[in-house]
Peer 1: 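My questions all concern the structure below.
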Amino acid sequence: MWSVRSHIRVSDSGAIAPESLEEDPLTNAEQTPTRTQEPATPDRSRWMAVCVVTLGTFLLVTAEQLPIGLLTTVGSALSVSEGTAGLMVTVPSVVAGVAAPLVPMIVGSLDRRILLLGLMALMTVANLGSALAPNFAVLVGSRVLVGIAVGGFWAVAAGLAVRLVTPADVPRATAVIFGGVGAANVFGVPLGTLIGDMTGWRIAFSSLSALALVTLIALLAVLPRLVASQAIRPKLLMEQLRNPGVRVGIIATALLVFGHFAAYTFVSPALQKLSGIDERYVGPLLFGFGAAGMIGNFLAGAALSRRVHRSVLTIAVAMTAAMPLFPLLGRTAIGGAIVLIVWGLAFGGVSVGLQTWMIKAAPQAVEAASSLWVAVFNLSIGFGALTGGIIVDKLTLQGVLWLGGAFALLAALAIWTARTNDAVR
């Protein structure tokens, strides 16, 4: 359950604080948090804000991953190799990992509404810069700005559900916000790649800039004032690492995300070489992976409203099984497709599950804990893909799938150790 002995309320300063109660806050309809310093906004308007933040996460992931489908086109146009063009993906991921804790620290107690608007404006300019880049150096420079926008926006948005909805609705709102991640994989990246193939890569980046501008206007229209609960300082970030629940969440995130991207980065050759699937069908299967991920995201959101620890442990165990099963059961086209969909269902719950874990583990420092989580998440993407590439080149393709399963198992063991922690039950 969300909490068996504590009720989460928003204090006068906007911080999330526990309040002792005898009854389960999820089942007591009268125990609704008050927001005294934030404007009294109807619940419907706040859910509209949740939906617009979801559009923001959709844009962030699409912008971060779109170059994957355009590497050859951009490399040819700007006279660089595909390996060099890969910097368009690596650079923003690493920068986002660094920016996630730094941006909240730099802006201090700035109203988070203003911060999110500024970061979306930066995303608008950055993608326009990519579209107009005269050479690859300028393009990479624009991708640095994308990384700053991704890291900063995600660090704030990841824990925004507790500021917009009641405690009982936090898991569902978090699932909606992270639904933008799955939607980006299913629709955003493929559609952007299609636009780039049909009209040119510069039009694809221009489209991202236009979508960022639309998102900026929508945020301006529906996002309420979000007074910073507390200024983020290095000391506050370090304090989170002394919190056992946060520490387990960070470790589990690093292990799960590292293992997943070490393996998933090479899922296309795995489908072709291990499962014997024709290249023409890889795209539709990856679409199926993304669609399964969206379903897994919302299934996890529903389960998390009842049992956080059990739900996150189930996700990690499913990841542990899915990746090693690929080289075992995925030797046929049907087997490979089935294992891929199961893998997608499991991974779809990772983001919402671990973010909900962080919210529960640090209810009085959600933004600080979330910024650490986002940093680890993004850095694990980059280092996981890098390690997977080394293994594929030096050892075998199956090796990355076994590695992914091994890291997921370690994550499951770390999560299991927190079974007696009341904060994340």
Side-chain angles (χ1 to χ4, degrees), residues 54 57-58 61-62 64-65 68-69 174-191 193 252-253 255-272 274-275 277 279 281-304 311-355 377 380-381 384-385 388 397-398 400-405 407-409 411-412:
T54 302
T57 61
F58 170 84
V61 176
T62 301
E64 188 176 18
Q65 298 185 12
I68 292 175
T174 303
V176 171
I177 290 173
F178 281 100
V181 176
N185 289 317
V186 175
F187 302 111
V189 175
L191 182 59
T193 302
T253 298
L255 293 169
L256 274 177
V257 176
F258 180 96
H260 169 76
F261 279 95
Y264 184 70
T265 301
F266 304 95
V267 71
S268 179
L271 287 169
Q272 295 176 60
L274 298 181
S275 303
I277 293 174
E279 184 180 2
Y281 302 112
V282 170
L285 282 173
L286 294 183
F287 181 90
F289 178 94
M294 289 190 67
I295 295 171
N297 174 78
F298 288 103
L299 288 177
L304 288 161
S311 300
V312 176
L313 181 59
T314 300
I315 291 167
V317 170
M319 292 283 290
T320 300
M323 287 180 276
L325 280 177
F326 201 104
L328 297 176
L329 303 181
R331 292 289 182 174
T332 65
I334 294 177
I338 292 174
V339 174
L340 184 69
I341 296 305
V342 172
W343 185 356
L345 279 169
F347 186 72
V350 168
S351 295
V352 63
L354 289 169
Q355 175 57 36
F377 198 106
S380 297
I381 291 175
L397 182 59
Q398 294 95 321
V400 293
L401 295 163
W402 288 105
L403 177 71
F407 271 75
L409 176 60

Peer 1: For a quick test of your reading: what N or O donor-acceptor pairs under 3.5 Å do the side chains of residues 323-339 make, sequence neighbours left out?
Peer 2:
unit_1: R331; atom_1: NE; unit_2: P327; atom_2: O; d: 3.0
unit_1: T332; atom_1: OG1; unit_2: G335; atom_2: N; d: 3.0

Peer 1: Filter on side-chain hydrogen bond (donor to acceptor under 3.5 Å, both in side chains), then keep only pairs touching residues 335-345, sequence neighbours left out; what's left?
Peer 2: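 Only H260-W343 qualify under side-chain hydrogen bond (donor to acceptor under 3.5 Å, both in side chains).
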
Peer 1: Could I get the full list of side-chain contact (heavy atoms from CB on, under 4.5 Å) partners for S380, not counting sequence neighbours?
Peer 2: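 Counting only residues at least two positions away or on another chain, S380 forms a side-chain contact (heavy atoms from CB on, under 4.5 Å) with A254, V257, F258, V376.
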
Peer 1: For residues 311-327, which residue pairs qualify under side-chain hydrogen bond (donor to acceptor under 3.5 Å, both in side chains), counting only residues two or more places apart or in two chains?
Peer 2: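 The answer is none; no pair qualifies.
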
Peer 1: Please work out which of the three classes, parallel, tilted or perpendicular, describes the rings of F261 and F347, given edges at 30° and 60°.
Peer 2: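 Rings of F347 and F261: perpendicular, over 60°.
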
Peer 1: So, for L313 and A412, which heavy atoms are closest and what is the spacing to 0.1 Å?
Peer 2: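 Looking at all heavy atoms of both residues, the shortest contact is CD1-O, 3.4 Å.
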
Peer 1: Which heavy atom in V350 sits nearest to a heavy atom in I315, and how many Å separate them?
Peer 2: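 That would be CG2-CG2, 3.7 Å.
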
Peer 1: What residues, two or more places apart in sequence or in another chain, satisfy side-chain contact (heavy atoms from CB on, under 4.5 Å) together with V61?
Peer 2: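 Partners of V61 by the side-chain contact (heavy atoms from CB on, under 4.5 Å) criterion, ordered by chain and then number, come out as Q65, V181, A184, N185.
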
Peer 1: Tabulate below the donor-acceptor pairs under 3.5 Å that side-chain atoms of residues 290-304 make, not counting sequence neighbours, or state none.
Peer 2:
unit_1: N297; atom_1: ND2; unit_2: A175; atom_2: O; d: 2.7

Peer 1: Please report the closest heavy-atom contact between A252 and A411, naming both atoms and the distance.
Peer 2: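 Nearest heavy atoms, A252 then A411: O-CB, 3.9 Å.
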
Peer 1: Under the side-chain hydrogen bond (donor to acceptor under 3.5 Å, both in side chains) rule, collect the residues that match up with T253, sequence neighbours excluded.
Peer 2: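 Once residues adjacent in sequence are excluded, the partners of T253 under the side-chain hydrogen bond (donor to acceptor under 3.5 Å, both in side chains) criterion are W373.
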
Peer 1: Starting at CD1 of I277, measure out to CG of L271 and round the result to the nearest 0.5 Å.
Peer 2: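 Spacing of CD1 (I277) from CG (L271) equals 4.5 Å.
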
Peer 1: Once rounded to the nearest 0.5 Å, what's the spacing between atom CD1 of I341 and atom CG of L285?
Peer 2: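 Result: 7.0 Å between the selected atoms.
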
